[in-house]
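Numbering of ligands and ligand atoms starts at 1, following listing order. Numbers here are sequence positions counted from 1.
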Amino acid sequence: MNADLAERIAHVQQRIANAAHRVQRDPAEISLIAVSKTHPLDLISQAIEAGITDLGENRVQEAEGKIHAQSETERAKTRWHLIGHLQSNKARRAVQLFDMIHTVDSLKLAQTLNRIVAEESDVETDRLPILLQVNVSGEASKEGFNLVGGMNSQDWLDFVATVREIIAMPYLHVQGFMTIPPFDVDLEHVVRPCFRMVRELRDALQVMLNHDFPHLSMGMSGDFEIAIEEGATLVRVGTAIFGNR
Ligand SMILES: *Cc1c(COP(=O)(O)O)cnc(C)c1O
């Protein structure tokens with residue numbers, strides 16, 4: 001047992017619970033995804049021993065090495081989340097490896113994933129859990145559906161139409177949205193409004209499309225408490241658990 005690692009995990013869990021309580025949310029609604037990119041499998045195994053069940057990786061190839069090296073019993077206990085940009089040519093491997101893909105950022109990628117899940121699955125009712133990545137700030141990255149203009153823009157109308165198409169795809173299960181805010185020290189005036197915007201657009205889409213989007217993947221080591229205050233259900237925490245990369 002790695003006592004330091006277990007302590008850091010417990011500390012993050014406590015901070016998650018405190019943030020949830022501040023806004024009258026049930027901490028059980030929030031899942032901690034330990035972001036293990038660049039860290040070796042033995043450290044990841046120690047985190048699993050300390051209670052981690054969800055792991056996040058941002059590169060398909062790096063994740064593949066780790067997932068294939070896991071023992072069968074350990075693999076059965078863990079869910080792997082893809083949190084980095086996915087290129088179409090890696091979509092099949094991503095479908096085979098990951099339990100959830102957070103970074104679907106185009107209609108074309110959704111179509112590709114839907115087709116591949118249909119080909120790969122033996123069960124007709126298999127659906128791949130995905131999130132749609134949205135960019136509400138313009139600064140952080142160019143990835144994600146561009147919603148920088150807010151809900152009064154043509155981009156928004158296009159996005160609504162695209163989401164409508166993707167939720168109708170039989171082999172995908174769109175469970176919500178993911179965002180990466182700009183890297184900014186002003187958490188209150190820059191980062192918090194981004195998280196709030198994503199929650200508001202989720203709430204609007206639920207009504208417009210009559211569809212449940214239970215998950216919001218937002219918040220990293222520097223801002224996960226604010227993300228939880230704004231409605232995050234999946235927080236992606238690397239450094240605060242595993243230390244610097
Ligand atoms: C690396 C990464 C994280 C974790 O970042 P930390 O600041 O180390 O917690 C979260 N989300 C994404 C998309 C990442 O690439």
### Task
Can you label the angle between the F145 ring and the F159 ring as parallel, tilted or perpendicular, going by 30° and 60°?
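If you compare the ring of F145 with that of F159, the planes turn out tilted.
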Got a list of side-chain donor-acceptor pairs under 3.5 Å for residues 22-29, not counting sequence neighbours?
{"unit_1": "R22", "atom_1": "NE", "unit_2": "E229", "atom_2": "OE2", "d": "2.8"}
{"unit_1": "R22", "atom_1": "NH2", "unit_2": "E229", "atom_2": "OE2", "d": "3.1"}
{"unit_1": "R25", "atom_1": "NE", "unit_2": "E29", "atom_2": "OE1", "d": "3.1"}
{"unit_1": "R25", "atom_1": "NH1", "unit_2": "I228", "atom_2": "O", "d": "2.9"}
{"unit_1": "R25", "atom_1": "NH1", "unit_2": "A232", "atom_2": "O", "d": "2.8"}
{"unit_1": "R25", "atom_1": "NH2", "unit_2": "E29", "atom_2": "OE1", "d": "3.0"}
{"unit_1": "R25", "atom_1": "NH2", "unit_2": "A232", "atom_2": "O", "d": "3.0"}
{"unit_1": "D26", "atom_1": "OD1", "unit_2": "A28", "atom_2": "N", "d": "2.9"}

### Exercise: do Q133 and E143 side chains pair donor with acceptor under 3.5 Å
no
### Task
State which residues pass ring pair (Phe, Tyr, Trp, His ring centres under 6.0 Å) with F213; sequence neighbours excluded, sorted by chain then number.
F177, H211
## Note on the structure
For F224, the ring pair (Phe, Tyr, Trp, His ring centres under 6.0 Å) test, sequence neighbours excluded, returns none
#### Entry: Criterion salt bridge (charged side-chain N to carboxylate O under 4.0 Å, His left out) against E57, the qualifying member of R236, K66, K37
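Of all the options given, the one that passes is K66.
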Would you mind writing out a table of all protein N or O atoms found under 3.5 Å from any N or O atom of ligand 1, naming both atoms and giving the distance to 0.1 Å?
{"unit_1": "ligand 1", "atom_1": "8 (O)", "unit_2": "T239", "atom_2": "N", "d": "2.8"}
{"unit_1": "ligand 1", "atom_1": "8 (O)", "unit_2": "T239", "atom_2": "OG1", "d": "2.5"}
{"unit_1": "ligand 1", "atom_1": "8 (O)", "unit_2": "R245", "atom_2": "NH1", "d": "2.8"}
{"unit_1": "ligand 1", "atom_1": "8 (O)", "unit_2": "R245", "atom_2": "NH2", "d": "3.2"}
{"unit_1": "ligand 1", "atom_1": "9 (O)", "unit_2": "S221", "atom_2": "N", "d": "2.9"}
{"unit_1": "ligand 1", "atom_1": "9 (O)", "unit_2": "S221", "atom_2": "OG", "d": "2.5"}
{"unit_1": "ligand 1", "atom_1": "9 (O)", "unit_2": "G238", "atom_2": "N", "d": "2.8"}
{"unit_1": "ligand 1", "atom_1": "11 (N)", "unit_2": "R236", "atom_2": "NE", "d": "2.9"}
{"unit_1": "ligand 1", "atom_1": "15 (O)", "unit_2": "K37", "atom_2": "NZ", "d": "2.7"}

